[in-house]
Chemist: 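First the structure, then my questions, so here it is.
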There are 2 protein chains.
Amino acid sequence: MSTPGGNPRRADAMRNRQLALEAATALLAQPGTALTVEAIAKRAGLGSATVVRAFGGKDALLDTAISGLLEPVVQRAKTLLEKDSPEQALRTFLGELIAFQSAHHAISDQLGGLDLPATATLEAELVRSVDEMIAAARANGTIRTDLAPAVTTTLISQATYAIARSQPASQELADAFLTVLMDGLRPPTPG
Amino acid sequence: MSTPGGNPRRADAMRNRQLALEAATALLAQPGTALTVEAIAKRAGLGSATVVRAFGGKDALLDTAISGLLEPVVQRAKTLLEKDSPEQALRTFLGELIAFQSAHHAISDQLGGLDLPATATLEAELVRSVDEMIAAARANGTIRTDLAPAVTTTLISQATYAIARSQPASQELADAFLTVLMDGLRPPTPG
DNA sequence: CGATAACTGAAACACGCGTTCCAGTTAGAG
DNA sequence: CTCTAACTGGAACGCGTGTTTCAGTTATCG
């Protein structure tokens with residue numbers, strides 16, 4: 001009996017598990033190709049059964065691959081929060097988040113309809129970091145306070161997601177979005 | 001031989017065609033239920049074959065249903081463009097567009113991976129109207145001109161789409177989005 | 001009324017995809 | 001080297017969904 005979703009006992013199986021993970025990660029960054037188990041297996045040079053068995057299912061494999069990509073982004077958010085001013089941290093982080101999602105927007109296509117617990121946890125952490133940036137910037141007086149904080153968070157999350165999804169993903173568009181968003185978030189000048 | 005995708009010859013068939021169209025339209029406004037041919041047929045009280053035959057395929061049926069819903073929105077954009085100031089037209093229209101997409105966000109879920117020529121045409125018209133609003137507002141001095149017009153259009157389209165998709169779809173969120181977007185689009189005050 | 005062509009819809013089919021089976025292969029301990 | 005349990009992967013399966021078939025029904029013309 002193998003351990004479903006856990007680490008295999010034999011060295012070759014562990015190597016294959018790694019190959020499957022790398023193949024899935026590579027395909028996440030290469031949109032246009034269907035993200036099927038068959039495609040992942042072919043890219044890894046393995047049979048589809050082997051790929052699935054190593055993780056206990058397609059969902060678990062993608063959860064591992066996506067959360068592995070997302071992890072450094074979450075860490076980066078925490079770092080920025082400590083080192084920069086809230087407003088600067090927010091802008092820098094959103095720019096990086098857009099770049100990340102653009103480079104892997106196959107991820108966004110998978111988030112709906114799949115069960116990805118580790119990814120969901122990281123996303124929650126990410127939202128929390130953004131919340132902290134917003135709260136600090138509000139206290140700072142650098143962004144407007146006439147909107148509910150929760151609304152601001154949702155606004156930023158959704159807009160970021162949308163811009164990253166748009167085709168073609170250009171740096172110009174990302175910059176324009178950030179400019180408009182940050183200007184729109186500034187406290188309104190009375191009159 | 002029936003006419004695939006065209007109008008049936010017999011009165012009962014025309015009535016069934018109408019029933020299928022109404023069922024599909026109703027399901028587009030009621031998310032959470034899978035938009036399958038079977039579901040549409042059941043709602044219409046018909047067999048699945050009848051539903052498909054009346055339009056020549058699921059895509060054609062949805063294309064007819066969606067473009068039927070989109071048509072008045074497109075007309076509304078043209079009306080606003082003539083009657084209101086560019087800035088006001090833009091804000092009003094975007095608000096209505098968000099409301100429309102929120103009420104039918106099953107539509108957005110179908111736009112990818114389906115062949116919907118009539119819908120695509122209407123979408124293009126819609127984008128063109130937004131382009132005109134933007135151009136007029138730029139000429140007017142009411143929105144910033146330091147961004148490429150095409151970038152502004154994409155920005156607005158994508159952001160609108162995202163907000164409409166967000167759950168839960170609240171009026172507060174839509175209003176906040178419009179406020180931030182329109183403020184961010186205003187010409188930046190020097191200094 | 002017939003007569004007939006249009007129409008219906010349950011069932012069969014086609015197809016893609018995730019999962020599981022199982023006969024064969026292989027790593028790795030003794 | 002030998003032996004066994006772990007592992008492999010092509011094939012079979014299950015499931016969901018769009019499409020097609022075809023025997024039966026019905027609108028509609030004359």
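All of these numbers come straight from a predicted model, not from anything done at the bench. Chain letters run A, B, ... following the sequence lines, proteins first, then strands; residues in each count from 1.
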Chemist: Whole angstrom is fine here: how far is it from CG in B/L46 over to P in C/dC7?
Modeler: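 Distance check: B/L46 CG to C/dC7 P gives 14 Å.
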
Chemist: Which pairs, protein N/O on one side and nucleotides 28-30 of chain C N/O on the other, fall under 3.5 Å?
Modeler:
unit_1 : atom_1 : unit_2 : atom_2 : d
C/dG28 : OP1    : A/A11  : N      : 2.9

Chemist: Just call it for A/A49: base, sugar-phosphate, or nothing, with non-hydrogen atoms closer than 4.0 Å on any strand.
Modeler: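 Answer is base: heavy atoms of A/A49 come under 4.0 Å of a base.
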
Chemist: Report the distance from atom CZ of A/F177 to atom OG1 of B/T152, rounding to the nearest 0.5 Å.
Modeler: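 Interatomic distance, A/F177 CZ to B/T152 OG1, rounded to 0.5 Å: 13.5 Å.
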
Chemist: Between A/N16 and A/T50, is there a side-chain donor-acceptor contact under 3.5 Å, judged purely by atom types and distance?
Modeler: no

Chemist: Which whole-number value in Å describes the distance from B/F55 CZ to C/dC7 P?
Modeler: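 Value for this atom pair: 14 Å.
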
Chemist: Can you tell me how far P of D/dG9 sits from CD1 of A/I40, to the nearest Å?
Modeler: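 Rounded to whole Å, this separation is 15 Å.
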
Chemist: Would you say A/D59's side chain and A/L114's backbone share a donor-acceptor pair under 3.5 angstrom?
Modeler: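 No, the answer is negative, given that no donor and acceptor are paired below the 3.5 Å cut-off.
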
Chemist: Provide, to the nearest angstrom, the distance between the CD atom belonging to A/Q110 and the C1' atom belonging to C/dC17.
Modeler: 13 Å

Chemist: Do NZ/NE/NH1/NH2 and the carboxylate oxygens of A/R186 and B/D183 come within less than 4.0 Å?
Modeler: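 Between B/D183 and A/R186 there is no salt bridge, as every charged N stays at least 4.0 Å from the carboxylate O atoms.
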
Chemist: Which nucleotide in the set C/dA11, C/dT20, C/dT8 lies at the smallest distance from any side-chain heavy atom of B/A13?
Modeler: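 Nucleotide nearest to B/A13's side chain: C/dT8.
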
Chemist: Would you mind telling me which residue lines up with the more 5' stretch of DNA chain C, B/M14 or B/S48, judged by nearest nucleotide?
Modeler: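 That would be B/M14.
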
Chemist: How many Å lie between CZ on B/R53 and P on C/dA10, as a whole number?
Modeler: 12 Å

Chemist: Output the distance between atom OH (B/Y161) and atom CD1 (A/I163), rounded to the nearest 0.5 Å.
Modeler: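 It comes to 12.5 Å.
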
Chemist: For the atom pair CZ (B/R76) and CZ (B/F93), what is the distance rounded to the nearest 0.5 Å?
Modeler: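 The distance works out to 9.5 Å.
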
Chemist: Separation of A/N16 atom CG from D/dA6 atom C1', in whole Å?
Modeler: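 In whole Å, D/dA6 C1' lies 12 Å from A/N16 CG.
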
Chemist: Name the one of A/E38, A/E22, A/Q30 that satisfies side chain to side chain donor-acceptor pair (under 3.5 Å) with A/R43?
Modeler: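 Of the listed options, the one satisfying the test is A/Q30.
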
Chemist: Contacts to DNA chain D from residues 31-38 of chain A, heavy-atom cutoff under 4.0 Å, which residues?
Modeler: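 Residues of residues 31-38 of chain A that come under 4.0 Å of DNA chain D do not exist, since none gets that close.
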
Chemist: Mind calculating the distance between CG (B/L61) and P (D/dT17) to the nearest angstrom?
Modeler: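 My rounded result for the distance is 16 Å.
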
Chemist: Could you check whether A/E132 pairs with A/R128 (Lys NZ or Arg NE/NH1/NH2 to Asp/Glu carboxylate O, under 4.0 Å)?
Modeler: yes

Chemist: What integer distance in Å separates A/R15:CZ from C/dA27:C1'?
Modeler: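 The distance from CZ of A/R15 to C1' of C/dA27 comes to 10 Å, rounded to the nearest Å.
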
Chemist: Under 3.5 Å, is there a donor on one side chain and an acceptor on the other for A/S129 and A/E125?
Modeler: no

